[in-house]
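Structure first, commentary second.
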Amino acid sequence: MEFKDFSLMIGQSKAAAFVDSLAQGKIMATRCKKCSREYYPPQMDCSSCLGDDMEWFECPTEGELTSFTQIMVLPEHFALPAPSVPFGKASLTPSPVGLLEVKEGIRIMGWVPKTSPDDLTVGEPMKASPQVLADGRVTIILEKSEE
């Protein structure tokens with residue numbers, strides 16, 4: 001799978017294996033072998049010690065919602081078949097996006113589908129999971145954890 005299947009703006013990346021992992025149901029991060037700093041989204045060069053010897057590890061997927069917002073115009077691949085505004089590529093359907101802290105220093109951003117922002121609370125437990133969309137692109141979905 002190519003990196004463009006995850007990012008709308010970037011076609012290539014040194015961390016392209018990230019998208020392959022998402023397609024396999026895993027959220028991956030990287031760790032510098034020299035200084036142990038961890039990166040999500042994954043980086044292949046350490047900004048702390050400037051090393052380039054990185055290793056992949058599977059990210060935890062459960063944590064607490066640290067913040068969220070609402071996107072009014074979704075990316076084109078999330079668009080409904082019949083746009084509700086003239087000349088629009090996407091309908092104006094609000095969709096929450098959140099940040100989930102899964103461990104100190106690692107926050108995963110993802111869509112929160114079929115949920116109103118009024119039903120979200122900072123600090124509530126959630127889980128991140130990769131999802132392959134109908135058009136073949138991959139994304140990350142956040143869902144409330146069952147307690």
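- For the salt bridge (Lys or Arg N to Asp or Glu O under 4.0 Å) condition, no pair includes a residue of residues 109-118, sequence neighbours left out.
- K103 pairs by the side-chain hydrogen bond (donor to acceptor under 3.5 Å, both in side chains) definition with E38, not counting sequence neighbours.
- Contact record, V112 with G98: CG2-N, 4.0 Å, taken as the closest heavy-atom pair.
- The two residues L120 and F68 have their closest heavy-atom pair at O-CZ, 3.7 Å.
- Residues satisfying the side chain to side chain contact (heavy atoms under 4.5 Å, CB included) criterion with K34, sequence neighbours excluded, are C32, C49.
- Closest heavy-atom contact between T139 and L133: CG2-CD2, 3.9 Å.
- Within the 4.5 Å cutoff, the side chain of I27 has heavy atoms near those of the I140 side chain.
- Across every non-hydrogen atom of V132 and V138, the tightest pair is CG2-CG1, 3.8 Å.
- Counting all heavy atoms, side chain and backbone alike, P113 lies closest to I141 at CD-CG2, 3.4 Å.
- To the nearest 0.5 Å, the span separating OH on Y40 from OG1 on T30 amounts to 11.0 Å.
- Environment of NZ in K26: sparse, with no more than 12 heavy atoms of neighbouring residues, nucleotides or ligands closer than 6.0 Å.
- Residues C59 and I108 approach most closely at SG-CD1, 4.3 Å, considering heavy atoms.
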List, one per line, each side-chain donor-acceptor pair under 3.5 Å for residues 123-130, sequence neighbours excluded.
residue, atom, partner, partner atom, Å
E124, OE2, T121, N, 2.6

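- The shortest side-chain heavy-atom distance between P41 and F18 does not fall under the 4.5 Å cut-off.
- Legend: side-chain hydrogen bond (donor to acceptor under 3.5 Å, both in side chains) pairs involving residues 47-68, not counting sequence neighbours, sorted by first then second residue: R31-E55, Y39-S47.
- Shown here are the salt bridge (charged side-chain N to carboxylate O under 4.0 Å, His left out) partners of D119, two or more places apart in sequence or in another chain: there are none.
- Within the model, atoms CE of M54 and CG of D45 stand 7.5 Å from one another, a figure rounded to the nearest 0.5 Å.
- With a 6.0 Å radius and a threshold of 12 heavy atoms from other residues, nucleotides or ligands, M109 has its CE atom at or below the threshold.
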